[in-house]
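In what follows, every heavy atom counts, from backbone to side chain, and hydrogens, waters and symmetry copies are set aside.
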Amino acid sequence: MDIVILAVVIAVVVLGALGGLIVGSRRKKQLPPPPPAAPDITAPPAEPHVGDEAETPREEPRRTIEEVDLPNGSAPVVVEEPPAEAPEIEIPEPTAGRLVRLRTRLSRSQNALGKGLLTLLSREHLDEDTWEEIEDTLLTADVGVQPTQELVERLRERVKVLGTRTPEELRTLLREELVTLVGRDLDRAVKTEPEDRKPGIVMVVGVNGTGKTTTTGKLARVLVADGQSVVLGAADTFRAAAADQLQTWGERVGAHTVRGPEGGDPASVAFDAVKEGKEMGANVVLIDTAGRLHTKTGLMDELGKVKRVVEKQAPVDEVLLVLDATTGQNGLVQARVFSEVVDITGIVLTKLDGTAKGGIVVAVQRELGVPVKLVGLGEGADDLAPFEPEAFVDALIGE
């Protein structure tokens, strides 16, 4: 019996010890941390959708137009562009004595012709070789064969009579003979003021490259400087930008320009220019014609047509032929052809400052029987000068 009771007690003790071990081990184990609570995320605004994915529009508070604050002045602000400024009108310098002021521009011609002749005439003995050199100098300067022979004969006679020759006597002698050769008594005024009507009509003709359109613009400045009102007719409708170029020249001195479409009828533009010149009461109408090649007969015929169409309103008072002085004798070929198509009344020699062939003045006058009326002596706006024989000769032979 005692043995049974002892066994029961031992069993109870063993069971109690096992139970304590189990409870202690459980307490030592840590439970996993609880899962974090889901953050409160604000959903982004839904993107607009179409079709089946479209959302039902949500009601949102809106303001009426009465509740919206408008800026001061409910009318829209209109920004006005500043008006285009009119080009400033230039006042050209007076034309009287302009060639004298531009005398230095003839320095190249002076060295070749005037000083060359003075040097030869100053030799102690004027033998045949010297006179031949004098002839060569004149021919090289494009004076022409016939005028050269005439001048040499007169010089020979006067030098023989003079006997001794001081430098001043030679200069006076040569000046007198050259002035006679150039032509002291020719009428060189540009006819722009007919007695019985207004306006005077001037046509400007010439081949490409002679500076014809530029010369027309410079001539407008000459006339404005002399107190005349001018209308420009841009009848050169075949050369790109010719009308723009002429209009720019006109705007600088306040001259009105009449133009037509590019490639249009030149005669029509010339006709309209004269018509508007009459309506405006202008003193002069300058008509710039196309610079056609003189070898194209059909184009030259068209130049004659321009003149005939203009004369349905009024006679043409002046036809100025523009020649490039640097072309020398080749320019005479152009002069002959133009004189056959239209009656040339005057010559304008351009680029006379850039050539040693100042004698072309004499040659072209002899060829056409008409005077040189204007000469171009540079690229400046006021470098077109009325031709003055004495000032021209003085520039050739120097002081």
Side-chain angles (χ1 to χ4, degrees), residues 187-208 210 212-213 215-217 219-220 222-223 226 228-239 242-243 246-247 249-250 255-261 263-294 296-323 334-348 368-374:
D187 182 8
R188 302 182 187 276
V190 179
K191 302 295 188 300
T192 58
E193 298 181 87
E195 297 180 357
D196 56 340
R197 59 179 168 80
K198 288 175 61 175
I201 303 172
V202 179
M203 282 182 61
V204 183
V205 301
V207 300
N208 289 320
T210 58
K212 182 174 47 55
T213 299
T215 298
T216 305
L219 178 56
V222 169
L223 296 173
D226 291 339
Q228 301 191 54
S229 57
V230 179
V231 171
L232 298 172
D236 185 355
T237 60
F238 293 97
R239 185 170 67 85
L246 188 64
Q247 184 169 352
W249 278 102
H256 175 62
T257 301
V258 178
R259 53 188 298 176
D265 182 15
S268 176
V269 176
F271 184 89
D272 291 341
V274 175
K275 181 179 178 182
E276 291 194 30
K278 285 183 175 180
E279 295 172 353
M280 297 172 62
N283 297 112
V284 188
V285 175
L286 295 179
I287 301 173
D288 176 35
T289 59
R292 300 173 176 86
L293 295 176
H294 62 278
K296 297 185 178 180
T297 306
L299 296 178
M300 294 300 296
D301 289 343
E302 187 174 343
L303 182 61
K305 172 190 171 184
V306 172
K307 187 171 185 287
R308 291 192 301 272
V309 169
V310 168
E311 289 180 332
K312 291 181 179 179
Q313 295 197 77
V316 174
D317 300 287
E318 192 86 67
V319 180
L320 297 176
L321 173 62
V322 180
L323 292 177
Q334 303 169 10
R336 293 188 197 103
V337 176
F338 276 97
S339 64
E340 294 171 0
V341 178
V342 289
D343 295 326
I344 303 298
T345 59
I347 305 296
V348 182
L368 297 182
V370 296
V372 172
K373 296 190 173 184
L374 298 160

Under 3.5 Å: donor-acceptor pair, side chain of Thr210, backbone of Leu323 | no
In Å, rounded to the nearest 0.5 Å, how long is the span from CG of Asp236 to CG of Leu246?
-> 9.0 Å
Locate the shortest heavy-atom distance separating Gly250 from Thr257; write the atom from each residue and the value.
-> CA-OG1, 4.5 Å
Side chain Ser229, main chain Asn283, donor-acceptor under 3.5 Å = yes
Any idea which heavy atoms bring Ser339 and Arg336 closest together, and the distance?
-> OG-O, 2.6 Å
Please report the closest heavy-atom contact between Gly233 and Ala273, naming both atoms and the distance.
-> CA-CB, 3.7 Å
When rounded to the nearest 0.5 angstrom, what distance separates NZ in Lys278 from CZ in Arg197?
-> 8.0 Å
Could you tell me the separation between the CG atom of Leu223 and the CG atom of Leu286, rounded to the nearest 0.5 Å?
-> 5.5 Å
Can you tell if the side chain of Gln247 reaches within under 4.5 Å of the side chain of Leu232, non-hydrogen atoms only?
-> no
Please report the C-alpha distance between Met280 and Val285 in whole Å, then the side-chain angles of each, then the deciding distance to 0.1 Å, and finally whether the side-chain contact (heavy atoms from CB on, under 4.5 Å) criterion is met.
-> CA-CA 11 Å; Met280 297 172 62; Val285 175; over 6 Å; no
Does the side chain of Val370 come within less than 4.5 Å of Ile347's, by heavy atoms?
-> yes
Roughly how far, to the nearest 0.5 Å, is OG1 of Thr215 from CG of Leu321?
-> 10.5 Å
Non-neighbouring partners of Arg188 that pass side chain to side chain donor-acceptor pair (under 3.5 Å), sequence neighbours left out = Gln365
Using modelled atom types only, decide if a donor and an acceptor are shared between the side chain of Asp343 and the backbone of Thr345 within a distance under 3.5 Å.
-> no
List the steps and the verdict of side-chain contact (heavy atoms from CB on, under 4.5 Å) for Ile344 and Val205.
-> CA-CA 9 Å; Ile344 303 298; Val205 301; 4.0 Å; yes
Rounded to the nearest 0.5 Å, how far apart are NZ of Lys275 and CD of Glu279?
-> 5.5 Å
Partner of Glu318 under salt bridge (charged side-chain N to carboxylate O under 4.0 Å, His left out), chosen from Lys191, Lys373, Lys307 = Lys373
Please determine which of Val309, Val310, Ile287 meets the side-chain contact (heavy atoms from CB on, under 4.5 Å) test together with Phe271.
-> Val309
Flag the pair Trp249 / Thr216 as yes when at least one side-chain heavy-atom distance between them is below 4.5 Å, and no otherwise.
-> no
Side chains of Leu320 and Leu219 in contact at under 4.5 Å (non-hydrogen atoms) = yes
Quick one: does Asp288's side chain get under 4.5 Å of Lys212's, heavy atoms only?
-> yes
Specify the closest pair of heavy atoms between Lys198 and Gly281, including all atoms of both residues, with the distance to one decimal.
-> NZ-O, 3.4 Å
On a heavy-atom basis, the closest approach of Gly264 and Phe238 is O-CZ, 4.4 Å
Are any side-chain N or O atoms of Asp317 and backbone N or O atoms of Val202, one a donor and one an acceptor, separated by less than 3.5 Å?
-> no
Side chains of Val319 and Phe338: does their closest heavy-atom pair fall under 4.5 Å?
-> no
For Asp187 and Pro371, work out which heavy atoms get closest and say how close.
-> O-CG, 3.3 Å
Can you measure from OG1 (Thr213) to CZ (Arg239) and round to the nearest 0.5 angstrom?
-> 4.0 Å
